[in-house]
S.K.: 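Sharing a structure with you now.
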Amino acid sequence: MIDLVVANGTVVTPSGVEKADVVVAGERIVGLGSGAERAQASRVIDAEGRIVLPGGVDVHTHFLIGFMGQHSVYDFEKGTQAALRGGTTTIVDFALQRRGRGLLDGVKHRRVQADRHVATDYGLHLIVTDVNAATLAELPRVIDAGVTTIKCYMVYESEQLMVDDGALLDLMGAAGPLGMMVGVHAENAGIIDRRIAAAVRAGEIAPRFHALTRPPVAEAEAVARALVFAEDAGCAAYIFHLSLGVGVDLIAQARRRGVRAFGETCSHYLALDKRAYERADAYLYVMSPPLRAPADQEALWAGLRSGTLATVASDDASYSAEMKASGAASFHTIPNGVPGAEHRLPVLYTLGVAQGRLSLPELAEIFSTRPARLFGMAPQKGAIVAGADADLVVIDTDATKPIVAGDHFGPIGYSPYDGMQLSGWPVLTVRRGVVCADAGTVSASAGDGRFLHRSLPDTSITPGA
Ligand code: URP
Ligand code: ZN
């Protein structure tokens, strides 16, 4: 029984790029076809002249979060619908352990918030904020619950998120032998907090001081420190939202010492740079780490090509233009974060493939395959292969059009990429064999997605794999 054939597209698989049909039965890919299956299929969608990629895997979203006194515009339904519109069929968001509470408590709470609301399939990382004997003893049960990766904040004590160095090292020491991976938000709290206090005392509170109080050294030092801890603990480490070229070097050096070290950058670090802080609306570009220099961008692309960076995630933390503006008078009260789930693919396609920095197979690796493997979701997710979930995105590379803030999914009111001319727009997104977005219209709704019980991270993905 064949339910769907996506016909005649240029299909990107782990074995290469070929003109073929993708044949789907139920929720799964049967394989590639050459036309014979069309007659038996319930539905045939013509992808002539289009590129067919595996559905995107975005391993860093923050839907339904409260941060710095504001609440994200996207809840799980709207955020995952925006992701589907952008060709992403799987996200990994975060459960939060509140201080004084257990780890599983945080996972259960987040599943209540997400399970009946997601439109994509989804997994969870666990943010650990309180490391003690009871927490560490709970880790095996966290793995049993399908949560195999952790995020620790090396900053944000004011939000009760930060873990200190001793706690981070102890956590890595316990999580490593279990096969978990510990990721970090790597910024040096001492440097940043001192600079913020000095800037505020001096009345230097315009949005551009956000970047000036979070200098490159603060990120680089924290990346290096986290990797040294991972080395000592024998734990796999992941650097979330890396913005600096020197960070790529630090990960590569750690790997040469035998550390299982991985990194991620985000669409905004590739597409935007610190000149955004000179704009009148600089408050819209406040995220942490901040935007950096153009030279960093080229180093990040090189890191993606070499495999030192595993993926480009969105770090979607969508606050509306009004919410961002409410803190504009004083940089340290602007909620940190930007939207990104919807535009990850056209940004990557345009700056990556169309501008000659990535091949199509590299795009598929970065957008889907590597994050699926590293985060324990392969072979179910991440590649167009027989037996995998039929998660597909069809993109149009002929048309180039600007991002228009008003077209953004949901009432965000701005896009950090506003006016940027992009191609590679998703025209069709299929999640587990079901068309979920077609020409920008999303048809999937709350509860259509499923929780992914993730395996342990596959840290055997090697540079260029
Ligand atoms: O500015 C950012 N990155 N906001 C989202 C929260 C985080 O740190 O990942
Ligand atoms: Zn972070």
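What you see is a predicted model, and the numbers here were worked out from it, not measured in a lab. Start at 1 and go down the list; that is how both ligands and their atoms are numbered. For the numbers below, each heavy atom of this structure counts, side chains included, while hydrogens, waters and symmetry mates do not.
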S.K.: Which residue holds the protein heavy atom closest to atom 8 (O) of ligand 1, what is that atom called, and what is the gap in Å?
M.R.: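 Result: His185 ND1, 3.0 Å.
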S.K.: For ligand 1, does Lys151 get within less than 4.0 Å through its side chain, its backbone, both, or neither, judged by non-hydrogen atoms?
M.R.: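 Answer for Lys151: side chain.
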S.K.: Quick one: does Phe240 get a heavy atom under 4.0 Å from ligand 1?
M.R.: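 Checking ligand 1 against Phe240, which is what was asked, there is no heavy-atom contact under 4.0 Å.
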S.K.: Going by the atom numbers of ligand 1, which of them fall below 4.0 Å from some non-hydrogen atom of Met287?
M.R.: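 Counting atoms of ligand 1 from 1, those under 4.0 Å from Met287 are 1 (O).
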S.K.: Which protein non-hydrogen atom lies closest to atom 4 (N) of ligand 1, naming both residue and atom, and how far is it?
M.R.: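 Going by distance alone, atom 4 (N) of ligand 1 is nearest to Asn336 O, 3.3 Å.
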S.K.: Under a 4.0 angstrom heavy-atom cut-off, which atoms of ligand 1 come close to His60?
M.R.: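 Under 4.0 Å from His60, ligand 1 has these atoms: 9 (O).
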S.K.: How is the N/O/S atom of His185 that comes nearest to the Zn ion (ligand 2) named?
M.R.: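 Among the N, O or S atoms of His185, the one closest to the Zn ion (ligand 2) is ND1.
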S.K.: May I ask you to check whether Tyr285 and Tyr277 place their ring centers less than 6.0 Å from one another?
M.R.: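 No, the ring of Tyr285 stays outside the 6.0 Å limit from the ring of Tyr277, centre to centre.
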S.K.: Give me the nearest non-hydrogen protein atom to atom 1 (O) of ligand 1 as residue plus atom name, then the distance to 0.1 Å.
M.R.: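 Going atom by atom, the protein heavy atom closest to atom 1 (O) of ligand 1 ends up being Ser288 N, 2.8 Å.
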S.K.: Is the Phe240 to His125 ring centre distance short of 6.0 Å?
M.R.: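 Centroid distance Phe240-His125: below 6.0 Å, so yes.
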S.K.: What residue and atom, counting heavy atoms only, is the protein's closest point to atom 6 (C) of ligand 1, and at what distance?
M.R.: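 The answer is His62 NE2, 3.5 Å.
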S.K.: Between His332 and His210, is the ring centroid distance below 6.0 Å?
M.R.: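 His332 vs His210: aromatic centres not under 6.0 Å.
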S.K.: Which residue owns the protein heavy atom closest to atom 5 (C) of ligand 1, what's the atom, and how far is it?
M.R.: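 That would be Asp315 OD1, 3.5 Å.
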S.K.: What is the NZ(Lys151)-the Zn ion (ligand 2)-NE2(His241) angle, to the nearest 10 degrees?
M.R.: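 Value returned, to the nearest 10°, is 110°.
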S.K.: Under 6.0 Å between the ring centres of Tyr319 and Phe67?
M.R.: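 That pair fails the under 6.0 Å test.
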